Number of protein chains: 2
Amino acid sequence: MKDADTLSPEALTAALKKSLVFSGLSDAELAGLSRLAAARRLEAGRYAFWEGDTPDYFYILITGRIKVLKHSSQGKEVIIAFFGPGEMFGEVAVFEGRAYPASAQAAVESQVAAIKKDDLLSFLTAHPQVVLRIINILGGRLREAQGRLKDLAGERVEQRLARTLLMLSAKLGASLPFTRQEIADMAGTTTETAIRILGRLKDGGIISSTRGEITILNQDKLRLLSEGPPQV
Amino acid sequence: MKDADTLSPEALTAALKKSLVFSGLSDAELAGLSRLAAARRLEAGRYAFWEGDTPDYFYILITGRIKVLKHSSQGKEVIIAFFGPGEMFGEVAVFEGRAYPASAQAAVESQVAAIKKDDLLSFLTAHPQVVLRIINILGGRLREAQGRLKDLAGERVEQRLARTLLMLSAKLGASLPFTRQEIADMAGTTTETAIRILGRLKDGGIISSTRGEITILNQDKLRLLSEGPPQV
DNA sequence: CTGTCAGTATGATTTATATCATAGTAGTCT
DNA sequence: AGACTACTATGATATAAATCATACTGACAG
């Protein structure tokens, strides 16, 4: 299968209107923007770009789920972020004009809108309110990254896993479509350890799970766990 | 000693002109901005704000050195960032309108320019080019944070320490004014472990050090070390 | 010039977590 | 239906790094 355009211009405009970054624009502005955007379909597992690529495009996710990841020197996969419909990605590289700092992979079959770097930048110059919105989003991402830095540097695996689940559920609700491997790669641990700890959480009635899906049953207990060691 | 204003309006304007964010402004604009800014002196160890405070001010560091840090649930200090003259801090909270996500402490006696949140926001609305500059800076910080996330989640302590030193030296040059404790808090390890590993680096002729100061002698070897385990 | 304290150093011991090994299980592709 | 593969599970073992303990050293304050 190829990267065929799969969206009509109208559908593309509608999709952009639902995005966090561009939702404030007028219909006319959106129509203009969507003329700059190209829809692309990505099968599950395909990469939108790789770490180190020169950044030609800025992306808005329309449908599906995108995983942003880096590889450690030993080849271990580290998941930096997960994005859902309406979120932008690849923006850091575009704004800085340097190579993409991480790779972006479709976790499931996804549709994205790609906007050429230069087109985006000139659009932004003409639309300052969008720029303020972007600052807001980047601020939020920086805040989240800082929280995770603290977790990775200062918390034990059990706390990190609990926080990872809480963070995901704040975005996605109680039902989380992730494998233990993905959870482990987000929390900075191994699949085995994630399985063991999530097994304990399951025994404790805090979560339930089926293959590839984790459901949070007791958010309060999970939060308690994330605050520190069980015995205080 | 109290937080007395210690800068004349002219000196304040000159300081803002040297900052990363505002360096592109005209003298008239800078003068207008400096009327919104208040200079504050912070003794070493004093905090500009604490994690959780409501964000009233946005800061530009004029002289000195600022440490941005968070505390883990066990009370361990995790250093999120170090800033030098001309850099902004406290901005995430201001742009998001939520509590400061981390604390900011003067590492040495420092002078800062504080701008009220609302004043800054209206100034930004009137000066879109500054907003673009901010996006650029935030992008850079996000990139750095993502790199550190990967390091903390996927690299061994020795590699993390090496990368921490390299990152600092990219900003500050070969001579780094940090204690082993600070280095450890940045690399997400303990003081003892940092001492041991830096001791090895010293024996290997890669760094030299005096109390509170580390000098990088062999950046190439350090980079090699940061790439992976010694025996490949 | 002496006491105090933060920084540096080093050894012994513990422990959390990675690693290695093996196996069951549920989707999915043909 | 059968085969294949990704996901989940669990035990045994190894180990990197934390923790605990003790001491030396240089800087600075009184």
Side-chain angles (χ1 to χ4, degrees), chain A residues 1 43-45 67 72-78 105 107-109 151-162 164 176-203 207-215 225 228-231, chain B residues 43-45 67 72-78 107-109 151-162 164 176-203 207-215 225 228-231:
Chain A
M1 299 180 189
E43 307 155 51
K67 217 195 246 196
S72 79
S73 58
Q74 280 94 41
K76 193 179 155 188
E77 215 165 76
V78 179
Q105 184 189 27
V108 298
E109 159 139 8
D151 290 345
L152 286 167
E155 308 289 350
R156 303 191 171 288
V157 172
E158 188 165 44
Q159 273 73 281
R160 298 209 302 269
L161 280 169
T164 302
L176 307 174
F178 299 98
T179 66
R180 274 113 224 265
Q181 165 145 224
E182 287 173 326
I183 300 283
D185 289 345
M186 283 187 259
T189 181
T190 59
T191 309
E192 293 97 321
T193 297
I195 286 174
R196 278 182 241 268
I197 291 183
L198 293 181
R200 288 213 300 270
L201 297 188
K202 207 170 171 179
D203 293 345
I207 64 171
S208 71
S209 74
T210 62
R211 161 173 277 243
E213 179 110 28
I214 296 169
T215 307
L225 202 72
Q231 272 82 268
Chain B
E43 308 156 50
K67 218 195 243 196
S72 80
S73 58
Q74 280 93 40
K76 193 179 156 188
E77 215 167 74
V78 179
V108 298
E109 159 141 8
D151 290 345
L152 286 168
E155 308 289 351
R156 303 193 173 292
V157 172
E158 188 165 42
Q159 273 73 279
R160 297 209 302 268
L161 279 170
T164 302
L176 307 174
F178 299 98
T179 65
R180 273 113 224 267
Q181 165 145 224
E182 288 173 326
I183 300 283
D185 290 344
M186 283 186 260
T189 182
T190 59
T191 309
E192 293 97 320
T193 298
I195 286 174
R196 277 183 241 267
I197 292 183
L198 294 181
R200 289 213 299 270
L201 298 188
K202 209 170 170 178
D203 292 345
I207 63 171
S208 71
S209 75
T210 62
R211 163 175 276 242
E213 180 110 30
I214 296 169
T215 306
L225 202 72
Q231 274 82 267

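Since this is a predicted model, take the numbers as computed values, not measurements. Below, chains carry the letters A, B, ... as their sequence lines are ordered, and counting in each starts from 1. Quick note: numbers below take in every heavy atom, side chains included, and nothing from hydrogens, waters or symmetry partners.
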- Stepwise side-chain contact (heavy atoms from CB on, under 4.5 Å) test for B:Ile183 and B:Ile214: CA-CA 10 Å; B:Ile183 300 283; B:Ile214 296 169; 3.9 Å; yes
- Under 4.0 Å protein heavy-atom contacts per nucleotide of nucleotides 23-30 of chain D, with B for base, S for backbone only and - for none: --BBS---
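- Looking only at distances, a side-chain donor or acceptor of A:Gln105 sits under 3.5 Å from a matching main-chain atom of A:Gly45.
- Between the P atom of C:dG7 and the CD atom of B:Glu182 lies a distance of 8 Å, rounded to the nearest Å.
- With sequence neighbours excluded, the residues satisfying side chain to side chain contact (heavy atoms under 4.5 Å, CB included) with A:Lys76 are A:Ser72.
- Residues passing the side chain to side chain donor-acceptor pair (under 3.5 Å) test with B:Arg160: none are found, sequence neighbours excluded.
- Note that the CD atom of B:Gln159 and the CG atom of B:Asp151 stand 9.5 Å from one another [nearest 0.5 Å].
- Of the possible polar contacts, one joining the B:Glu182 side chain to the B:Thr179 backbone as a donor-acceptor pair under 3.5 Å is found.
- Between the CG atom in B:Leu201 and the CG atom in B:Leu225 there is a gap of 6.0 Å [rounded to 0.5 Å].
- Rounded to whole Å, the distance from CD1 on B:Ile183 to P on D:dA17 is 17 Å.
- Residue A:Ser209 is classed as having no contact, given no heavy-atom separation below 4.0 Å to the nucleic acid.
- With sequence neighbours excluded, no residue forms a side chain to side chain donor-acceptor pair (under 3.5 Å) with B:Glu192.
- In this structure, CG of A:Leu161 is placed 14 Å from C1' of C:dA18, rounded to the nearest angstrom.
- By the 4.5 Å heavy-atom criterion applied to side chains, A:Arg180 and A:Leu198 are counted as neighbours.
- For A:Arg180, no side-chain nitrogen or oxygen approaches OP1 or OP2 of D:dC7 to under 4.0 Å.
- Each of A:Val157 and B:Phe178 has a nearest nucleotide on DNA chain C; the 5'-most of these lies closest to B:Phe178.
- The distance between atom NZ of B:Lys76 and atom P of D:dA17, rounded to the nearest whole Å, is 12 Å.
- One can place CD of A:Glu109 at 16 Å from C1' of C:dT28, the figure rounded to the nearest angstrom.
- As a whole-Å value, the separation of A:Leu152 CG from C:dA16 C1' is 16 Å.
- For A:Arg156, no side-chain nitrogen or oxygen approaches OP1 or OP2 of C:dA16 to under 4.0 Å.
- Non-hydrogen atoms lying under 4.0 Å from DNA chain C are contributed by B:Glu192, B:Ile195, B:Arg196, B:Lys202, all within residues 190-203 of chain B.
- Inter-residue side-chain proximity for A:Met186 and A:Phe178 is flagged as met; some heavy-atom pair is nearer than 4.5 Å.
- At whole-Å resolution of the value, CD in A:Glu77 and P in C:dA18 are 16 Å apart.
- In this structure, the CD atom of A:Glu213 is 16 Å from the C1' atom of D:dA6, given to the nearest Å.
- For A:Ile197, the side chain to side chain contact (heavy atoms under 4.5 Å, CB included) partners at least two apart in sequence or on another chain are A:Val157, A:Glu158, A:Leu161, A:Thr193, A:Arg200.
- Legend: residues meeting side chain to side chain donor-acceptor pair (under 3.5 Å) with B:Asp185, ordered by chain and number and at least two apart, are absent.
- Axis deviation across the helix from C:dC1-D:dG30 to C:dT30-D:dA1 amounts to 50°, comparing end segments of five pairs, rounded to 10 degrees.
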